[in-house]
Amino acid sequence: MKPLFFAIVALFYTSSTAFADICEGVALSNFSDEAGHHVQKGEIISSLHSDKFDHKGNPKTYAQYMGFVWSAKKVKLTNCHIEKGVKNGKIVSKLVLNNTPDNQNEIKYQKARKFLETETTLCMAETGNAASAYVYNPASKLGRLTAGFIEGRSKNKNFPEPKWPEGAISGKDD
């Protein structure tokens, strides 16, 4: 169970974007990828994250963790979209999961993880474990502790950080 959990958590740490490696797209035409694999029009391409953008913030390529790079002209996103903003005077873009009922748990996980990364002393792996317990196993000791902390710190910036159980580090749960 531990290796599977950490493999899933590792997917979320491969990109600086908030919603990485969970996007899907569909091939717009037949083409061959860089390994010579023939992609058929209509084929679903999963585990996408943003790769390169042009100076206007439009996607040039999407990529898969430990996988291929796909031309954005050949792939239409199905469950994510591009959000553009300005940072230090430059246009920046990122892939964001669409706000649909099917994506609510993942969106809640990503928001909890981001909150925990800024509001706790936990490392990235630990924030991933705590956010996962909060969303996917809320009745667990870690899930309850995380929920209490998020609620308390959201209302009061001085709300104390709890003593996190060993499960926050190892991915174990009660």
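No experiment lies behind these values; they were computed from the predicted model shown.
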Open item on the list: Taking the side chain as everything from C-beta on, heavy atoms only, tell me whether Ile150 gets closer than 4.5 Å to Leu116.
Closed with: yes
Task: Glu117 side chain vs Lys114 backbone, donor-acceptor pair below 3.5 Å - done: no
Task: Carboxylate-amine/guanidinium proximity below 4.0 Å for Arg153 and Glu161 - done: no
Open item on the list: If we ignore hydrogens and angles and just use 3.5 Å, is the side chain of Glu106 paired with the main-chain N or O of Asn103 as donor and acceptor?
Closed with: no
- [ ] Could you tell me the separation between the CD1 atom of Ile22 and the CD atom of Glu24, rounded to the nearest 0.5 Å?
- [x] 10.0 Å
Open item on the list: Can you confirm whether Ser154 sits close enough to Phe115 that some side-chain heavy atom of one is under 4.5 Å from a side-chain heavy atom of the other?
Closed with: yes
- [ ] Give a yes or no on whether Lys73 atom NZ has more than 12 heavy-atom contacts from other residues, nucleotides or ligands under 6.0 Å away.
- [x] no
Task: Interatomic distance, Glu119 atom CD to Phe149 atom CZ [nearest 0.5 angstrom] - done: 6.0 Å
Open item on the list: Check the orientation of Phe31 and Trp70. Use parallel for under 30°, tilted for 30 to 60°, and perpendicular for over 60°.
Closed with: perpendicular
Open item on the list: Is any side-chain heavy atom of Val96 closer than 4.5 Å to one of Lys94?
Closed with: yes
Task: Heavy-atom pair of closest approach, residues Gly57 and Ser93 - done: O-OG, 2.6 Å
- [ ] Among Ile, Leu, Val, Met, Phe, Trp and Tyr joined by side-chain contacts under 4.5 Å, find the other residues sharing a cluster with Val26 and list them by chain and number.
- [x] Ile44
Open item on the list: To check you understand the geometry: which heavy-atom pair defines the closest contact between Ala112 and Tyr134, and what is its length?
Closed with: CB-CD2, 3.6 Å
Task: Point-to-point distance, once rounded to the nearest 0.5 Å, from CD1 of Ile45 to NZ of Lys74 - done: 10.0 Å
Task: Any donor-acceptor pair under 3.5 Å from Asn156 side chain to Asn158 backbone - done: yes
- [ ] Cation-pi check, Lys60 to Phe53: give yes when NZ or CZ is under 6.0 Å from the six-membered ring centre and within 45° of the ring axis, no otherwise.
- [x] no
Open item on the list: Please report the interatomic distance CH2(Trp164) to OG1(Thr120), rounded to the nearest 0.5 Å.
Closed with: 6.5 Å
Task: Spatial distance of atom CZ (Arg113) from atom OG1 (Thr118) [nearest 0.5 Å] - done: 11.5 Å
Open item on the list: Using every non-hydrogen atom in the two residues, find where Lys41 and Asn30 come nearest and quote the distance to one decimal.
Closed with: N-OD1, 2.6 Å
Open item on the list: For Pro162 versus Leu145, what's the shortest heavy-atom pair and its separation?
Closed with: CB-CD1, 3.6 Å
Task: Atom of Leu48, atom of Gly25 and distance for their closest heavy-atom approach - done: CD1-N, 3.7 Å
TODO: Return yes if a side-chain donor-acceptor contact under 3.5 Å exists between Asn99 and Gln104, otherwise no.
DONE: yes
Task: Min side-chain heavy-atom separation Asp51-Tyr62 under 4.5 Å - done: no
Open item on the list: Nearest 0.5 angstrom please: Asn98 CG to Leu77 CG, how far?
Closed with: 8.5 Å
Open item on the list: Measuring only between side-chain heavy atoms, which start at C-beta, is Asn137 closer than 4.5 Å to Ser132?
Closed with: no
Task: CD/Glu83: more than 12 non-hydrogen atoms of other groups inside 6.0 Å - done: yes
Open item on the list: I want to check something: taking the side chain as every heavy atom from C-beta on, are Ile82 and Pro59 in contact at a cut-off of under 4.5 Å?
Closed with: yes
Open item on the list: Could you check whether any side-chain heavy atom of Val69 comes within less than 4.5 Å of a side-chain heavy atom of Gln64, counting everything from C-beta outward?
Closed with: no
TODO: For Ala130 and Leu122, work out which heavy atoms get closest and say how close.
DONE: CB-CD1, 4.4 Å
